[in-house]
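Encoded as structure tokens, the structure appears first; notes follow it.
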Amino acid sequence: QAQLVESGGGLVQAGASLRLSCAVSGLTFYTYNMAWFRQAPGKEREFVGEITWNSDSTRYADAVKGRFMISRDNAKDTVSLTMNNLKPEDTAKYFCAATRRWGERAGLYDYWGQGTQVTVSS
């Protein structure tokens with residue numbers, strides 16, 4: 001049974017950095033493309049970024065481009081999201097997700113974690 005567990009969220013001030021991690025088990029991790037999504041209260045879940053199974057390609061939402069970076073370690077079955085220069089509008093619950101496809105639509109993703117909360121104060 002696939003399990004994705006996010007960690008690393010917290011409360012930070014604007015301008016700070018955070019690094020989220022997602023530990024994956026129950027999947028052949030290295031065969032899956034991975035993504036991060038986020039969802040703020042009262043809003044739809046939105047795409048943050050994605051990384052291919054072999055790390056040769058990444059893509060980011062315009063709102064986070066240049067500030068966030070996704071990386072993965074196939075030896076440890078983990079994917080990370082490094083967030084720099086955080087803004088109050090980055091406040092949301094962050095989710096990692098796995099797919100054998102590629103794209104920004106949440107419906108493309110087969111497996112999801114429970115999320116970790118990130119709150120950025122001004």
Side-chain angles (χ1 to χ4, degrees):
Q1 183 177 353
Q3 191 170 17
L4 287 68
V5 179
E6 301 93 339
S7 61
L11 171 63
V12 297
Q13 290 190 330
S17 297
L18 270 180
R19 187 169 187 262
L20 306 183
S21 292
C22 174
V24 179
S25 59
L27 293 175
T28 47
F29 179 72
Y30 67 89
T31 69
Y32 282 81
N33 299 322
M34 299 297 297
W36 287 91
F37 287 78
R38 66 186 182 185
Q39 188 167 19
K43 294 189 176 181
E44 291 188 356
R45 191 167 296 192
E46 67 171 353
F47 172 80
V48 173
E50 59 187 332
I51 186 168
T52 53
W53 64 274
N54 60 355
S55 301
D56 71 346
S57 184
T58 55
R59 182 168 61 176
Y60 299 93
D62 288 344
V64 306
K65 204 172 292 183
R67 298 188 298 123
F68 289 14
M69 185 181 71
I70 297 175
S71 59
R72 65 188 294 163
D73 186 338
N74 285 349
K76 296 182 179 179
D77 291 1
T78 59
V79 59
S80 298
L81 178 67
T82 301
M83 306 183 293
N84 298 313
N85 189 23
L86 281 160
K87 304 176 181 181
E89 51 264 43
D90 294 319
T91 294
K93 196 167 190 179
Y94 284 72
F95 301 84
C96 64
T99 184
R100 283 198 167 122
R101 292 165 284 184
W102 180 253
E104 300 181 9
R105 289 190 298 111
L108 293 172
Y109 290 79
D110 302 305
Y111 301 101
W112 292 82
Q114 294 299 306
T116 185
Q117 179 68 35
V118 172
T119 303
V120 185
S121 64
S122 57

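Quick note: numbers below take in every heavy atom, side chains included, and nothing from hydrogens, waters or symmetry partners.
- One N or O on the side chain of T91 and one on the backbone of V120 form a donor-acceptor pair closer than 3.5 Å.
- With contacts defined as side-chain heavy-atom distances shorter than 4.5 Å, the pair S7/T116 does not qualify.
- At most 12 non-hydrogen atoms from other residues, nucleotides or ligands lie less than 6.0 angstrom from CD of Q114.
- In Q3, the CD atom is not crowded: 12 or fewer heavy atoms of neighbouring residues, nucleotides or ligands sit closer than 6.0 Å.
- No donor-acceptor pair closer than 3.5 Å links the side chain of D77 to the backbone N or O of A23.
- Between the side chains of S55 and R72, not a single donor N or O lies within less than 3.5 Å of an accepting N or O.
- No side-chain heavy atom of F68 sits under 4.5 Å from any side-chain heavy atom of T82.
- Atom SG of C96 and atom CG of L20 lie 9.5 Å apart (nearest 0.5 Å).
- For the residue pair N84/S17, the side-chain donor-acceptor check at 3.5 Å is satisfied.
- Contact detail for M83 and L86: the closest heavy-atom pair is CB-CD2, 3.8 Å.
- A pairwise comparison of heavy atoms in F37 and A35 identifies CE1-CB, 3.8 Å as the closest pair.
- Ring pair W112/F95 is perpendicular by interplanar angle, where above 60° counts as perpendicular and below 30° as parallel.
- Checked for salt-bridge contact, D90 and K87 miss the test: no charged N lies under 4.0 Å from a carboxylate O.
- Distance alone, capped at 3.5 Å, places no donor-acceptor pair between the D73 side chain and the T78 backbone.
- Cluster membership check: Y94 shares its hydrophobic cluster with V12, using side-chain heavy-atom separations under 4.5 Å among Ile, Leu, Val, Met, Phe, Trp and Tyr.
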- Task: Walk me through it: do M34 and V24 pass the test side-chain contact (heavy atoms from CB on, under 4.5 Å)?
- Result: CA-CA 10 Å; M34 299 297 297; V24 179; 4.0 Å; yes
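- Minimum heavy-atom separation, S122 to A14: CA-CB, 4.4 Å.
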- Query: Does the side-chain contact (heavy atoms from CB on, under 4.5 Å) test come out yes or no for R105 and F47, once each step is laid out?
  - Reply: CA-CA 7 Å; R105 289 190 298 111; F47 172 80; over 6 Å; no
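- For the residue pair Y109/E50, the side-chain donor-acceptor check at 3.5 Å is satisfied.
- Taking all atoms of both residues into account, the shortest heavy-atom contact from G49 to I70 is C-CD1, 3.1 Å.
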- Begin from the C-alpha positions of Y60 and M69 and carry the test side-chain contact (heavy atoms from CB on, under 4.5 Å) through to its verdict. CA-CA 8 Å; Y60 299 93; M69 185 181 71; 3.7 Å; yes
- Task: Check the pair L18, V118 against side-chain contact (heavy atoms from CB on, under 4.5 Å), reporting the backbone distance first and the verdict last.
- Result: CA-CA 9 Å; L18 270 180; V118 172; 3.9 Å; yes
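- With rounding to the nearest 0.5 angstrom, the CD atom of Q1 is 10.5 Å from the CG atom of L27.
- Nearest approach of T99 to L108, heavy atoms of both residues: OG1-O, 2.7 Å.
- Both I51 and W36 belong to a single network of hydrophobic side chains, linked directly or stepwise wherever heavy atoms of I, L, V, M, F, W or Y lie under 4.5 Å apart.
- With 3.5 Å as the limit, one finds a donor-acceptor pair spanning the side chains of T28 and R100.
- The minimum heavy-atom distance between A98 and Y32, with the atom names listed, is CB-CD2, 3.9 Å.
- Here the options are E44, E6, E46, the test is salt bridge (charged side-chain N to carboxylate O under 4.0 Å, His left out), and the partner is R38; only E46 passes.
- When the shell of 6.0 Å around NZ of K43 is examined, it contains 12 or fewer heavy atoms from other residues, nucleotides or ligands.
- Under a hydrophobic clustering in which Ile, Leu, Val, Met, Phe, Trp and Tyr are joined whenever their side-chain heavy atoms come within less than 4.5 Å, directly or via other members, W53 and V79 fall into different clusters.
- At distances below 3.5 Å, at least one donor-acceptor pair connects side-chain atoms of N33 with backbone N or O atoms of R101.
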